[in-house]
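Atom set for the values below is all heavy atoms of this structure, side chains included, hydrogens, waters and symmetry mates excluded. Every chain is numbered from 1 and lettered A, B, ... according to where its sequence line falls, protein lines coming before strand lines. Quantities reported herein were computed from a predicted structural model and do not represent experimental measurements.
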Protein chains: 2
Amino acid sequence: MPKVGMEPVRRKALVDAALSVIGDRGSLTVTMSEIARRAGVSPALAHHYFGSKDRLLIETIRFLLRQLRDDSVKALKRADTPRARLSAIIRVNFQADQFAPETIAAWLAFYAEAQRSEETRRFLVIYARRLRSNLLADLRRLCPADAAERIAEGAAAMIDGLYIRQSLRSVPSSIEASISLTEDYISSALAPHSKED
Amino acid sequence: MPKVGMEPVRRKALVDAALSVIGDRGSLTVTMSEIARRAGVSPALAHHYFGSKDRLLIETIRFLLRQLRDDSVKALKRADTPRARLSAIIRVNFQADQFAPETIAAWLAFYAEAQRSEETRRFLVIYARRLRSNLLADLRRLCPADAAERIAEGAAAMIDGLYIRQSLRSVPSSIEASISLTEDYISSALAPHSKED
DNA sequence: TTTTATTGATTGATCAGTCAATCAAAAATA
DNA sequence: TATTTTTGATTGACTGATCAATCAATAAAA
């Protein structure tokens, strides 16, 4: 089996496996053995490539973040008006794969971890800021700066809140319902500033 | 020392200690020894009274929930108009002690735990439903039923979202800012339904 | 004396992390 | 081309630490 060039393959497989195990378990208290087993390698190999469990977990959250960023960039490219761009941002956050129970569980686990790990916290702060500033950029074109800031703050909070509420699987709020709730918030918050009507 | 009637005293001390340790650590992966130490007793005593770590944790979240419910009941008693009651609900959720970093960390930890523990999940679902139905009751008096449902959903999500965003301590959003953001959401969502203007 | 409160000592399980050894491909050499 | 050397990939077995849970023993009240 020892073919050369396995490193990137194994790293990817281990990060995928970590995400999958974390999603299933809904917690970061997963063992290296379990992750390695799902990736089809030995626990020792996971340590070989990542050095420690913490590093593997950090790489895993970076992966999650990168994916969301890439999706955002792609979606924003397809939208032209400020209002369409706002809708695109909302849609990306509630995309099917983002809204899958395992993905939500993983994000939640990382939020909890951020209370202990400074590095994890930094990554999540990056996410929070990015969401806020993406919204802000387009809102500024639709209303005064101070209103834009408030609406961005509110919309970001609503998105995160719909997300966390979804994690309880209590009121099976659908993707569409979440999107339209956020859309309506932005629309009615913008209403007083719209030129027409 | 063995004075009779210590059980309720110890139970309370242990639950308080658990909450405190969880808040500090920002995680449920805390040891019984640590909790017991903070409560000033031996780990064995904690097991004696609670049977297991899981039970102690469950009692701890029940305590958190009961506290929030009691505060809500008290606040609602002081408000008379529907709109004032809505404000009261919002204010309770952003109360100083609820918004303290350790409390937020504890809630977050329990949300993560809810992915694994059915019992923990049930408790959080109760919280989510209560918030929603408290809001709903008064909203129904201010707008049509379908709009009330949507606004309740949105406001609950915004509250939870502001909460989780606060946990990152990135944009030091103040209590007042969070309250007014939620108030504004409700006001502007209600605007189209208001009799005047 | 019986009951309640309390603990120290111990056990058994779980895990992250280490390490020496193996195996096979690739590169170097003959 | 054939042979040897080097190197990357991989693992099984092990270690040390941590921790939940148990239990027998003690001490003080009732």
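- Between A:Phe50 atom CZ and C:dT18 atom P the separation is 16 Å, expressed in whole Å.
- If you measure from atom NE2 of B:His48 to atom C1' of D:dA25, you get 15 Å, rounded to the nearest angstrom.
- With hydrogens and angles disregarded, no donor-acceptor distance shorter than 3.5 Å links the side chain of B:Arg121 to the backbone of B:Gln115.
- Not one N or O on the side chain of B:Arg132 forms a donor-acceptor pair closer than 3.5 Å with the backbone of B:Ala156.
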Taking only N/O atoms, report every protein-nucleotides 13-16 of chain C pair under 3.5 Å with atom names and distance.
residue, atom, partner, partner atom, Å
C:dA16, OP1, A:Val30, O, 3.3
C:dA16, OP1, A:Lys53, NZ, 3.1
C:dA16, OP2, A:Met32, N, 3.0

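- In this structure, A:Arg11 atom CZ and D:dT10 atom C1' are separated by 16 Å, rounded to whole Å.
- For B:Glu34 and D:dA20, the CD to C1' distance is 14 Å, given to the nearest whole Å.
- Counting only residues at least two apart or in different chains, side chain to side chain donor-acceptor pair (under 3.5 Å) contacts with residues 51-60 of chain A comprise A:Arg55-A:Glu119.
- Under 4.0 Å is where a charged nitrogen must lie from a carboxylate oxygen, and between A:Arg37 and A:Glu34 no such pair does.
- The distance from atom CD of A:Glu7 to atom P of D:dT10 is 10 Å, rounded to the nearest whole Å.
- Classification of B:Lys12 and B:Asp16 as a salt-bridged pair holds, one side-chain N sitting under 4.0 Å from a carboxylate O.
- Straight-line distance from the OH atom of A:Tyr49 to the P atom of C:dT18: 17 Å, rounded to whole Å.
- With rounding to whole Å, B:Asp54 atom CG is found 10 Å from D:dA20 atom C1'.
- Of the charged side-chain nitrogens involved, none lies within less than 4.0 Å of a carboxylate oxygen, so that A:Arg91 and A:Glu183 do not count as a salt-bridged pair.
- Annotation: of the two residues near DNA chain C, A:Ala44 and B:Leu45, the 5′-most nearest-nucleotide partner is B:Leu45.
- Listed pair A:Arg10 / D:dG8 fails the phosphate criterion, with no side-chain N or O lying under 4.0 Å from OP1 or OP2.
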